[in-house]
> 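Structure in structure tokens, see below.
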Amino acid sequence: MTIRVGVIGAGWIGKQHIQRLTHTVTGARVTAVTDIDPARAEEAAAPVGAQVLPDGAAVIAADDVDAVLVTSWGPTHAEHVLTAIAAGKPVFCEKPLATTAEDCLRIIEAETAHGRRLVQVGFMRRYDAGYRQLKQAIDSGRIGEPLIVHCAHRNPTVPESYTSDMAALDTAVHEVDVLRWLLDDEIVSTQVATPRATSKRFAHLKDPQIMLFETAKGVRIDLEVFVNCQYGYDIQCEAVGEEGLVRLPDPAAVGVRTAGQHSTEVLTDWVGRFADAFNTEFREWIAGIAAGTEPTGPSAWDGYAASIITSATVEALESGHVIATDLKPRPAFYGGAA
């Protein structure tokens, strides 16, 4: 069975996913593409034999579209996801699910009213082999109850357009999602410390930042976000439990011994670091649609939680205070208490 996918948004990530669905994922075919720039849509659609349609609504309504992929500009996400729910079509939405809490809740209400999960949000780290091993070790009880988690998210550089709030909204959002999943726990408060700033940043940017989270079960999480570290793209995570610890493995790399040194390569961007995770994410999404099952990946509720927690983290950065996340109770539809 081939799942016919309509793509809304043909920017860089949209084109990457079109290629992934065409050449890497079995059982999928991109049949329709739209973008605010028709020439860009044509450029993405032509190589895969897809039709170009005028807008997202046309893509969702198309008879030869079984499922929808939303990779457009963030503020348009809610509109497209809501339209897909109304059409009863599975929809994969790259983060953010929506740019406001109100729109996230509208999506949750629409999906709940539909009575079946249709929405998956693009947090790819849950599909990374290392993170899955980390979760297996935590869930097995081998390290006892988790007490502390240490994390780092480092980029070599960022452009001048990168602002201090993006450290939470665009960078730490991935840790926020994967930590909630790893611990099966909710983040209830957040604060931000700003150490001495690196001289390698643009003057307007607060970098690095140390984000401190507390979960409902009392786990303390520290996350270093350092987006001008210079040396590479480096993702670290270590969970400390009552009886041991477990650490996220670095990507496999050969060790080179030469000129009196032993070295291993450090990746320089997120594309290489998480390429396999993206592939697994889409393989499982397509396989689930083909099997007629509901998506098991990050839900609309997870998209809402990430939005609320990262927005609270921005408030904590700006105010210098500890900020409660004030998440609404998780509905039973998404596995919350009845």
> Would you say the side chain of Glu111 lies within less than 4.5 Å of the side chain of Phe333, judging by non-hydrogen atoms?
yes

> Is any side-chain N of the basic residue among Arg126 and Asp177 closer than 4.0 Å to the acidic one's carboxylate O?
yes

> Any salt bridge (Lys or Arg N to Asp or Glu O under 4.0 Å) pairs touching residues 217-226, not counting sequence neighbours?
Arg154-Glu224, Glu214-Arg220

> Look only at the side chain of His262 and the backbone of Gly255, and say whether a donor-acceptor pair between them is shorter than 3.5 Å.
no

> Parallel, tilted or perpendicular: which fits the ring planes of Phe123 and His174, with parallel below 30° and perpendicular above 60°?
perpendicular

> Only one of Val5, Val30, Val33, Val59 forms a side chain to side chain contact (heavy atoms under 4.5 Å, CB included) with Leu69, so which one is it?
Val5

> Taking atom OG1 of Thr296 and atom CD of Glu284, what is their separation to the nearest 0.5 Å?
6.0 Å

> With Asp139, which residues qualify under salt bridge (Lys or Arg N to Asp or Glu O under 4.0 Å), at least two apart?
Lys135

> Output yes when a side-chain donor or acceptor of Arg117 lies under 3.5 Å from a complementary backbone atom of Val119, and no otherwise.
yes

> Nearest 0.5 angstrom please: Ile289 CD1 to Ile286 CD1, how far?
4.5 Å

> More than 12 non-hydrogen atoms from neighbouring residues, nucleotides or ligands closer than 6.0 Å to CD1 on Ile210, yes or no?
yes

> Is it the case that atom CG in Asp276 sees more than 12 heavy atoms from other parts of the structure closer than 6.0 Å?
no

> With a cut-off of 6.0 Å (strictly less than), are more than 12 heavy atoms of other residues, nucleotides or ligands near CD of Glu265?
no

> Rounded to the nearest 0.5 Å, what separates atom CH2 in Trp73 from atom OG1 in Thr99?
8.0 Å

> Do Arg106 and Leu82 come within less than 4.5 Å of each other through their side chains, counting heavy atoms only?
yes

> Between Asp207 and Tyr162, is there a side-chain heavy-atom distance shorter than 4.5 Å?
no

> Measure the OG1-CZ distance between Thr171 and Phe226 for me, rounded to the nearest 0.5 Å.
13.0 Å

> Could you check whether any side-chain heavy atom of Ile108 comes within less than 4.5 Å of a side-chain heavy atom of Tyr334, counting everything from C-beta outward?
yes

> Do other residues, nucleotides or ligands put more than 12 heavy atoms under 6.0 Å from the CZ atom of Arg247?
no

> Are the side chain of Thr325 and the backbone of Ile309 linked by a donor-acceptor contact shorter than 3.5 Å?
no

> To the nearest 0.5 angstrom, please state how far the CD1 atom of Ile308 sits from the OG1 atom of Thr190.
12.5 Å

> Is it the case that more than 12 heavy atoms not belonging to Gln19 sit under 6.0 Å from its CD atom?
yes

> Hey, is the main chain of Gly272 close enough, under 3.5 Å, to the side chain of Asp269 for a donor-acceptor pair?
yes

> Please tell me if the side chains of Gln120 and Pro298 come closer than 4.5 Å, counting only heavy atoms from C-beta onward.
yes

> Any side-chain to backbone donor/acceptor pair from Thr34 onto Leu53? Under 3.5 Å, distance only.
yes

> Just verifying a value: how many Å separate Asp35 CG and Ser72 OG, rounded to the nearest 0.5 Å?
8.5 Å

> What I'd like to find out is whether the side chain of Arg273 reaches to under 4.5 Å of the side chain of Asp234, using heavy atoms alone.
no

> Kindly indicate whether the side chain of Thr31, heavy atoms from C-beta on, has any atom under 4.5 Å from the side chain of Asp66.
no

> Over 60° means perpendicular and under 30° means parallel, so classify the ring planes of His204 and Phe202, tilted if in between.
parallel

> Do the ring planes of Phe274 and Tyr131 sit parallel (below 30°), tilted (30 to 60°) or perpendicular (above 60°)?
parallel

> Among Lys95, Arg125, Arg180, which one satisfies salt bridge (charged side-chain N to carboxylate O under 4.0 Å, His left out) with Asp302?
Arg180

> Tell me, with the steps shown, if Asp128 and Ile235 meet side chain to side chain contact (heavy atoms under 4.5 Å, CB included).
CA-CA 12 Å; Asp128 175 72; Ile235 302 299; over 6 Å; no

> Is there a donor-acceptor pair closer than 3.5 Å between any side-chain N or O of Lys89 and the backbone N or O of Val68?
no

> In terms of side-chain geometry, is the basic nitrogen of Lys328 or Glu109 positioned less than 4.0 Å from the acidic oxygen of its partner?
no

> So does Ala277 get a backbone contact from the side chain of Thr280, meaning a donor-acceptor N/O pair under 3.5 Å?
no

> Is the shortest side-chain heavy-atom distance between Ser307 and Leu97 below 4.5 Å?
no

